[in-house]
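Scroll down for the structure; my scribbles are underneath it.
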Amino acid sequence: VNQLERFVTLINPAGPIDIIGMNRIEGIGEEVVVRMQSGGIKGFNCSETGHGGVIETDSTIHLSLNSGLDLVIRFPGPGPTDHEYPDDGCSTECGLVCEERD
């Protein structure tokens, strides 16, 4: 999870890598279909891995993995700056919230 840029990177054992965020949705080794929905929400489906979901305008990612696991990743408040977290962008508690949904 990249807190500063507000995206997640999914590294799949089969090879494809997916980068999912409001400003960047792409697949390395697979096609990712992106569709715009009402209100600026972006939907996406990864062709080979079967991952999919939506990204809300506040950068909240709703991610369904092909294993059946559903995740909601929220980035509350403004993203950290290098000044606030000089070591790695998240050396103290970031406020990142990741939930597993059944």
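In what follows, every heavy atom counts, from backbone to side chain, and hydrogens, waters and symmetry copies are set aside. Residue numbers start at 1 and run along the sequence shown.
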Inset, instruction - Can you measure from OG1 (Thr9) to CD (Glu26) and round to the nearest 0.5 angstrom? - result: 9.0 Å
Legend entry - Non-hydrogen side-chain atoms of Asn12 and Asn66 separated by less than 4.5 Å: no
Legend entry - side-chain contact (heavy atoms from CB on, under 4.5 Å), paired with Val32, selected from Thr49, Ile25, Asn45: Ile25
Inset, instruction - State, yes or no, whether a side-chain contact exists between Leu63 and Leu10 at a heavy-atom distance under 4.5 Å. - result: yes
Inset, instruction - Indicate the atoms forming the closest heavy-atom contact of Glu48 with Pro16, along with that distance. - result: OE2-CG, 3.6 Å
Legend entry - Nonpolar side-chain network containing Ile41, other nodes, edges under 4.5 Å: Val54
Inset, instruction - Could you check if a side-chain atom of Ile61 sits within less than 4.5 angstrom of a side-chain atom of Arg6, using non-hydrogen atoms only? - result: no
Inset, instruction - With rounding to the nearest 0.5 Å, note down the distance linking NZ in Lys42 to CG in Asn23. - result: 6.0 Å
Inset, instruction - Give the minimum heavy-atom separation between Gly53 and Arg35, together with the two atoms involved. - result: O-NH2, 4.3 Å
Legend entry - Verify same cluster id: Ile17, Ile20 (apolar side-chain graph, 4.5 Å): no
Inset, instruction - Taking all heavy atoms of Thr57 and all of Gly39, pick out the closest pair and write down the distance. - result: CG2-O, 3.0 Å
Legend entry - side-chain contact (heavy atoms from CB on, under 4.5 Å) partner of Val8, the single match among Val1, Asn2, Leu71: Val1
Inset, instruction - Locate the shortest heavy-atom distance separating Leu65 from His51; write the atom from each residue and the value. - result: CA-ND1, 3.5 Å
Inset, instruction - Calculate, to the nearest 0.5 Å, the distance between atoms CE and CD belonging to Met22 and Glu5 respectively. - result: 14.0 Å
Legend entry - Spacing of CD1 belonging to Ile28 relative to CD1 belonging to Ile19, to within rounding of 0.5 Å: 4.0 Å
Inset, instruction - Please list, chain by chain and in numerical order, all residues satisfying side-chain contact (heavy atoms from CB on, under 4.5 Å) with Ser47, sequence neighbours excluded. - result: Glu30, Glu31
